Peer 1: 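A single structure is presented below for examination.
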Protein chains: 2
Amino acid sequence: MTLATDDFFKALADPTRLRVLMLLAHEGELCVCELTHALAEIQPKISRHLGLLRTASLVLDRRQGQWIYYRLNPKLPAWMAQVLEQTAQANRKVEPFLTDLRKLRSMANRPDKACCA
Amino acid sequence: MTLATDDFFKALADPTRLRVLMLLAHEGELCVCELTHALAEIQPKISRHLGLLRTASLVLDRRQGQWIYYRLNPKLPAWMAQVLEQTAQANRKVEPFLTDLRKLRSMANRPDKACCA
DNA sequence: GCATTATATACGTTTTTTCGTATATATGGT
DNA sequence: ACCATATATACGAAAAAACGTATATAATGC
């Protein structure tokens with residue numbers, strides 16, 4: 001299923017979802033607890049927004065034991081992927097994205113990524 | 001005043017505003033009646049969304065007699081201008097943008113632009 | 001000054017979206 | 001089997017946004 005332009009920008013319109021997407025654009029793949037920690041939000045909220053992003057086909061998920069990892073959908077239209085990449089580049093040092101990344105990097109006991117392919 | 005990333009994507013999240021921005025990205029500058037005709041929406045609706053875009057500093061206006069012309073704000077951060085340009089390029093042949101442009105081009109009695117500078 | 005045209009804005013309503021809490025479900029460890 | 005941990009989802013409420021109609025305001029032409 002292809003992602004409509006309307007739905008793409010609607011997905012980006014929520015601050016929480018935008019922060020999630022910016023982190024995924026930087027880090028490639030993250031699990032729910034990492035995103036929850038980095039954004040300092042309650043877990044159901046992160047989960048719900050991830051659900052919306054998944055339903056909209058912006059992200060894909062992968063389960064590894066108890067952990068569920070999310071990444072940007074590699075099959076996004078090229079222009080959408082470019083919009084996300086440009087936004088991530090332009091906002092590297094802009095709040096709240098800067099703090100989100102910092103918090104992620106400083107998180108203790110991040111799930112091991114040994115088997116990430 | 002600088003446009004926050006959140007506000008930028010919130011502005012793009014509404015289908016009507018997105019169509020307006022796509023037309024402005026293509027045509028440079030358009031007046032309210034041209035946008036109203038191209039989108040086939042009631043005039044107060046177009047005016048209201050233009051008002052929101054102006055307040056958010058995405059567009060600037062210019063009065064010429066009774067007509068008020070709108071254009072993309074040339075002082076947008078470069079990455080935002082690029083996002084709009086890329087979106088417009090990628091969606092040239094996508095509905096409803098294609099029909100919007102067609103309707104604009106076929107509009108009779110468009111306000112003269114002889115004195116546009 | 002009045003009529004016409006162009007556009008902005010107020011108003012109350014409707015629609016859409018987001019939210020926190022509670023809880024359901026899945027997996028792993030003992 | 002039970003407990004702990006990770007995550008998804010239901011629920012009702014709250015918040016935010018969009019809407020159409022009516023009307024206000026501004027400019028132009030006669």
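Worth knowing before you read on, the calculation uses all heavy atoms, side chains too, and leaves out hydrogens, waters and symmetry mates. These figures come from a predicted structure and were not determined experimentally. So that the names make sense, note that chain A is the first sequence line, chain B the second, and so on, each numbered from 1.
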Peer 1: Rounding to an integer number of Å, can you tell me how far B:L52 CG sits from D:dA17 C1'?
Peer 2: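 Result: 9 Å.
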Peer 1: Please determine whether a side-chain nitrogen or oxygen atom of B:H49 lies at a distance below 4.0 Å from atom OP1 or OP2 of D:dA17.
Peer 2: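 It does not, given that no N or O in the side chain of B:H49 lies less than 4.0 Å from OP1 or OP2 of D:dA17.
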Peer 1: Strictly by ring-ring contact (aromatic ring centres under 6.0 Å, His included), give each pair with a member in residues 79-99 of chain A just once, sequence neighbours left out.
Peer 2: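 Those involving residues 79-99 of chain A are A:F8-A:W79.
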Peer 1: Find out whether B:P74 and B:L60 are in side-chain contact, i.e. whether some heavy atom of one side chain is under 4.5 Å from a heavy atom of the other.
Peer 2: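 Yes. Closest side-chain heavy atoms under 4.5 Å.
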Peer 1: Return yes if a side-chain donor-acceptor contact under 3.5 Å exists between B:Q89 and B:E85, otherwise no.
Peer 2: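 Yes - a donor-acceptor pair under 3.5 Å links their side chains.
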Peer 1: How long is the line joining CG of B:L53 and C1' of D:dA17, in whole Å?
Peer 2: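 So the two atoms are 14 Å apart, to the nearest Å.
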Peer 1: Between B:R110, B:K103, B:R105, which is the residue that forms a salt bridge (charged side-chain N to carboxylate O under 4.0 Å, His left out) with B:E34?
Peer 2: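 Answer after filtering B:R110, B:K103, B:R105: B:R110.
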Peer 1: Test A:M22 against A:D100 for side chain to side chain contact (heavy atoms under 4.5 Å, CB included), laying out the working first.
Peer 2: CA-CA 9 Å; A:M22 292 299 94; A:D100 291 349; over 6 Å; no
Peer 1: Answer yes or no: is there an ion pair linking A:R71 with A:E27, defined by an N-O contact shorter than 4.0 Å?
Peer 2: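 Looking at A:R71 and A:E27, the cut-off is not met.
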Peer 1: Nearest whole angstrom, please: distance from the P of C:dT23 to the CD1 of A:I42.
Peer 2: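 Answer to the nearest Å: 15 Å.
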Peer 1: Which letters describe nucleotides 1-13 of chain D, given B = protein heavy atom under 4.0 Å from base, S = only from sugar-phosphate, - = neither?
Peer 2: ----BSBBBB---
Peer 1: Classify the side-chain pair A:R54/A:Y70 by whether it contains a donor and acceptor separated by less than 3.5 Å.
Peer 2: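 A donor-acceptor contact under 3.5 Å links the two side chains.
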Peer 1: Give the residues of residues 11-20 of chain B touching DNA chain C, defined as any heavy atom closer than 4.0 Å, sorted by residue number.
Peer 2: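 Nucleic-acid contacts, sorted: none.
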Peer 1: Grab the CD-P distance between A:Q64 and C:dT27 for me, whole Å please.
Peer 2: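 To the nearest whole Å, that distance equals 13 Å.
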Peer 1: Heavy-atom distance under 4.5 Å between the side chains of A:T36 and A:E41, does that happen here?
Peer 2: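 No, too far: nothing below the 4.5 Å cut-off.
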Peer 1: Tell me the interatomic distance from B:R62, atom CZ, to C:dA6, atom P, rounded to whole angstroms.
Peer 2: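 Nearest whole value for this atom pair: 16 Å.
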Peer 1: How many Å lie between NZ on B:K10 and P on D:dA15, as a whole number?
Peer 2: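 Distance check: B:K10 NZ to D:dA15 P gives 15 Å.
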